[in-house]
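What follows is a set of notes on a single structure, which appears directly below.
We name chains A, B, ... by the order of the sequence lines, and we start the count at 1 in each one.
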Number of protein chains: 2
Amino acid sequence: MSVQERKERERAARERLIVATARELAEQQGWDAVTTRRLADRIEYSQPVLYSHFRGKREIIGAVALQGAAEMAAAVRAAALAAAGPRTRVTALARAYLDFAERNPAVYDAMFQLDGGLAFAAEDTPEPLKDAFAALLESLGEVAGDGVHPGLFTEVFWAALHGLATLTRAGRLPPAEAERRVELLVERLAMA
Amino acid sequence: MSVQERKERERAARERLIVATARELAEQQGWDAVTTRRLADRIEYSQPVLYSHFRGKREIIGAVALQGAAEMAAAVRAAALAAAGPRTRVTALARAYLDFAERNPAVYDAMFQLDGGLAFAAEDTPEPLKDAFAALLESLGEVAGDGVHPGLFTEVFWAALHGLATLTRAGRLPPAEAERRVELLVERLAMA
DNA sequence: GGTTCGATTCTAGCACCGCTAGACAATCGA
DNA sequence: TCGATTGTCTAGCGGTGCTAGAATCGAACC
């Protein structure tokens, strides 16, 4: 009985170790460096062990993505909570979002650039993903403006943030004026 | 003399064939299917021939990206030219951009999602890329609004379009309301 | 026209990838 | 203590991007 439970605990711990190690390796050297061999080596198990926890590499990426979604939701909510009015709340939210993307590039990639085998905008979308969107909606909905559907507005605002995040990180936009771009975006999109 | 020229022509033709074939294969089956072996097979040459034209696979992706940038610039300009006022011009531009991304997903990926080894927002940025941005700037600059730097405004608008394009295609945004999102974006961002 | 020689192309192979079958070892229940 | 079950590993498959060196071709000269 207790033996069974101990095994399950150990197994769960190992699974967390795999995800944490994959994330760490990805942040350190990029997702290309996250090979099943290297990952297995780091957790000090052989390759097939990974496949007893996950169907394959993409599912590991998906696990990192879910973890990231939860953290991002928390970060966004924390930033929004610390701000006073709707307008400053949106600015804080935008900064928090972009800050998260900049500080966790590999996790952000797992969430939005790589194929983690996750469903989006569907019934079987995992809870953390839906919640991350909900976190955006909470603050953005109140500045959608009259007659504008809050969900639709959130999608547009989110897309803009996503575009800024990815283009900036890919070197497509000069980093120097990132802050001015955020200000312009909020000023125009958010109806105070 | 003429022999040398003929050889150069043939060589240039083969290079175009490589790029066109890579693009075609990528659009048909995705970039994952574009392996050096398959590509070599399709052009009816052996693998090493590819490496006498390009340093590696990433440079082939880069070549497709440049081709795509030129086409996108043309598409955007054509759409803008056919529209009357500044506001309708911007709407037409946005639709043309998203339409290009949707109809040429592999090319769009080569331009913005994959590593084609191209420099951006720098001195050594290839001409087609600078020109594509210029095409956006031409129409977007006139709706930047008072006191807003046209370049900065273009960057923000472009980022929003890029976000919509990528999130939609990745299944992160429901395709049904794409048009409404464009309308909302233009309505808010563009100062008529 | 035959021969030489340089440019061009190919064959074969490297190290690595994601993934898996089957051998082996450790652990549990009787 | 023994047998069965569970867990883990070794070894290997077919694939990847890329390259060294062999082989072939074709242009130029005698």
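- The phosphate of C:dC17 has OP1 or OP2 within less than 4.0 Å of a side-chain N or O from A:Arg38.
- For B:Thr168, the side chain to side chain contact (heavy atoms under 4.5 Å, CB included) test picks out B:Leu173, B:Arg181, with sequence neighbours left out.
- At whole-Å resolution of the value, CG in B:Leu50 and P in D:dT19 are 12 Å apart.
- Within the structure, side chain to side chain donor-acceptor pair (under 3.5 Å) contacts touching residues 93-108 of chain B (residues at least two apart or in different chains) are B:Arg95-B:Glu179, B:Tyr97-B:Tyr108, B:Tyr97-B:Trp158, B:Asp99-B:Arg103, B:Tyr108-B:His162.
- In this model, the phosphate group of C:dC17 is approached by a side-chain N or O of A:Thr35 to a distance below 4.0 Å at OP1 or OP2.
- Not a single side-chain hydrogen bond (donor to acceptor under 3.5 Å, both in side chains) links B:Glu123 to another residue, sequence neighbours left out.
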Could you tabulate the donor-acceptor pairs under 3.5 Å formed by side-chain atoms of residues 52-69 of chain B, not counting sequence neighbours?
{"residue": "B:Ser52", "atom": "OG", "partner": "B:Val49", "partner atom": "O", "Å": "2.7"}
{"residue": "B:His53", "atom": "ND1", "partner": "B:Glu15", "partner atom": "OE1", "Å": "2.9"}
{"residue": "B:His53", "atom": "NE2", "partner": "B:Arg14", "partner atom": "NE", "Å": "2.9"}
{"residue": "B:His53", "atom": "NE2", "partner": "B:Arg14", "partner atom": "NH2", "Å": "3.1"}
{"residue": "B:Lys57", "atom": "NZ", "partner": "B:Val34", "partner atom": "O", "Å": "2.9"}
{"residue": "B:Arg58", "atom": "NH2", "partner": "B:Asp115", "partner atom": "OD2", "Å": "2.5"}
{"residue": "B:Glu59", "atom": "OE1", "partner": "B:Arg55", "partner atom": "N", "Å": "2.9"}
{"residue": "B:Gln67", "atom": "OE1", "partner": "B:Arg23", "partner atom": "NH1", "Å": "2.8"}

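- Here the P atom of nucleotide D:dG17 and the CG atom of B:Leu114 are 13 Å apart, to the nearest Å.
- Within a heavy-atom distance below 4.0 Å of DNA chain D, no residue of residues 53-61 of chain A is found.
- A:Ala33 is linked by a side chain to side chain contact (heavy atoms under 4.5 Å, CB included) to A:Gln29, A:Arg38, counting only residues two or more places apart in sequence or in another chain.
- Between the OH atom of B:Tyr51 and the P atom of D:dC18 there is a distance of 4 Å, rounded to whole Å.
- Residues passing the side chain to side chain contact (heavy atoms under 4.5 Å, CB included) test with B:Ala94, sequence neighbours excluded: B:Phe157, B:Leu161, B:Val182, B:Val186.
- For the segment residues 18-32 of chain B, no residue has any heavy atom less than 4.0 angstrom from an atom of DNA chain D.
- Legend: residues meeting side-chain hydrogen bond (donor to acceptor under 3.5 Å, both in side chains) with B:Glu44, ordered by chain and number and at least two apart, are absent.
- In terms of the side chain to side chain contact (heavy atoms under 4.5 Å, CB included) criterion, residue partners of A:Ala79 (sequence neighbours excluded) are, by chain and number, A:Ala92, A:Ala96.
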Protein within reach of the bases, or only the backbone? For nucleotides 4-14 of chain C, mark each nucleotide 5' to 3' as B, S or -, using heavy atoms under 4.0 Å.
-----SBB-B-

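- No donor-acceptor distance shorter than 3.5 angstrom exists from the side chain of B:Arg172 to the backbone of B:Leu167, with no hydrogens or angles considered.
- Using a 4.5 Å heavy-atom threshold, the side chains of B:Phe100 and B:Met111 count as touching.
- Residues in residues 137-149 of chain A take part in these side chain to side chain donor-acceptor pair (under 3.5 Å) pairs, two or more places apart or across chains: A:Arg77-A:Glu138, A:Arg89-A:Glu142.
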